[in-house]
Amino acid sequence: MNYWLFKSEESVFSIGDLARAPGKTTCWEGVRNYQARNFLRDDVKKGDGVFFYHSNCDVIGIAGTAAVVKEGYPDHYAWDGSSKYFDARSTPEKPVWFMVDIKLRKKLRRVIPLAELRENPALKDMKILQKGCRLSVTPVAKSEWEAILRMENKPGA
DNA sequence: GCCAACGTTGGC
DNA sequence: GCCAACGTTGGC
């Protein structure tokens, strides 16, 4: 059982969108970075915990939690010519890109802002907080997972 | 295999 | 909108 953080631009797909999705479940399509692809293909397992992170928006931070309900499988948007995620290098025979399915566990009572995450000493080694980290899928340590969940009810603490 | 140019990400 | 940091591309 591992933990992850998935980034999403709030205006593209938000925690609210996930809550409204059928079965509160969505596939995590469109990851087009090899390092993130490797995580999705090889390491993200059913039952793993996922932090849902809003990027590029007013309140940047962790908006909710989700669980992996389906392990890595080919991202078929890559071979859909009409998709913005199309990539001719990927075929059904030799898929290049992979995705998983996640299901909403819960929307947090507040978005835990990035600035607060940075202030928490328990999170100083967290991947997402490292300078220049642009990976959209990153591992989260168990201690980090628990520390963040404790922040939900402690605004400004 | 090097590396400059370019495109993208994402916080601010 | 700006710009730093990063990943990818492609010429050599």
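Treat the numbers as computed from the prediction; the structure is a model and nothing was measured. Below, chain A is the first sequence line, B the second, and so on; all start at residue 1. We use all heavy atoms of the structure for the numbers below, so side chains are in, but hydrogens, waters and symmetry mates are not.
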Legend entry - For atom CG of A:D58 and atom P of B:dG10, their distance in whole Å: 17 Å
Inset, instruction - Taking only Lys NZ, Arg NE, NH1 and NH2, and the carboxylate oxygens of Asp or Glu, determine whether A:K84 and A:E29 approach each other closer than 4.0 Å. - result: no
Give the table of side-chain donor-acceptor pairs shorter than 3.5 Å for residues 129-139 of chain A, with sequence neighbours excluded, one pair per line with atom names and distance.
{"residue": "A:Q130", "atom": "NE2", "partner": "A:K124", "partner atom": "O", "Å": "3.2"}
{"residue": "A:Q130", "atom": "NE2", "partner": "A:D125", "partner atom": "O", "Å": "3.4"}
{"residue": "A:Q130", "atom": "NE2", "partner": "A:M126", "partner atom": "O", "Å": "2.7"}

Legend entry - Whether A:H54 and A:F52 hold their rings parallel, tilted or perpendicular, with breakpoints at 30° and 60°: perpendicular
Inset, instruction - Measure the distance from CZ on A:F13 to C1' on B:dG10 and round it to the nearest whole Å. - result: 20 Å
Legend entry - Nucleotide B:dG10, atom P - distance to CD of A:E10 in whole Å: 14 Å
Legend entry - Atom-pair distance (CZ on A:R32; C1' on C:dT9), nearest Å: 18 Å
Inset, instruction - Would you please test A:R32 and A:D75 for salt bridge (charged side-chain N to carboxylate O under 4.0 Å, His left out) and show each step? - result: CA-CA 10 Å; A:R32 295 292 178 267; A:D75 180 345; 2.9 Å; yes
Inset, instruction - Could you check A:N56 against A:G132 and say which one's nearest nucleotide on DNA chain C is further toward the 5' end? - result: A:N56
Legend entry - Ring-ring centroid check A:F6 A:W28, cutoff 6.0 Å: yes
Inset, instruction - May I have the distance from A:D87 (atom CG) to C:dT9 (atom P), rounded to whole angstrom? - result: 9 Å
Inset, instruction - Give a yes/no on whether any side-chain N or O of A:K7 is located under 4.0 angstrom from OP1 or OP2 of B:dT9. - result: no
Legend entry - Within the 6.0 Å centroid threshold, strictly below: A:Y85 and A:W79: no
Legend entry - Side-chain donor-acceptor pair present, A:D17, A:S14, cut-off under 3.5 Å: yes
Legend entry - Nucleotide C:dT9, atom P - distance to CG of A:N33 in whole Å: 11 Å
Inset, instruction - Give the rounded distance in Å between these two atoms: CD of A:E9 and P of B:dG10. - result: 7 Å
Inset, instruction - Please work out if A:R89 contacts a base, only the sugar-phosphate, or nothing of the nucleic acid, heavy-atom cut-off 4.0 Å. - result: sugar-phosphate
Inset, instruction - Give the angle between the helix axes at the two ends of the helix from B:dG1-C:dC12 to B:dC12-C:dG1, taking five base pairs at each end and rounding to 10°. - result: 10°
Protein-nucleotides 2-8 of chain B N/O pairs closer than 3.5 Å?
{"residue": "B:dT8", "atom": "O2", "partner": "A:R134", "partner atom": "NH1", "Å": "2.8"}

Legend entry - Output field: ring centroids A:W97/A:Y77 closer than 6.0 Å: no
Legend entry - Residues, nucleotides or ligands: over 12 heavy atoms within 6.0 Å of A:K142 NZ: no
Inset, instruction - Would you kindly give the CD-to-P distance between A:Q35 and B:dT9, to the nearest whole Å? - result: 15 Å
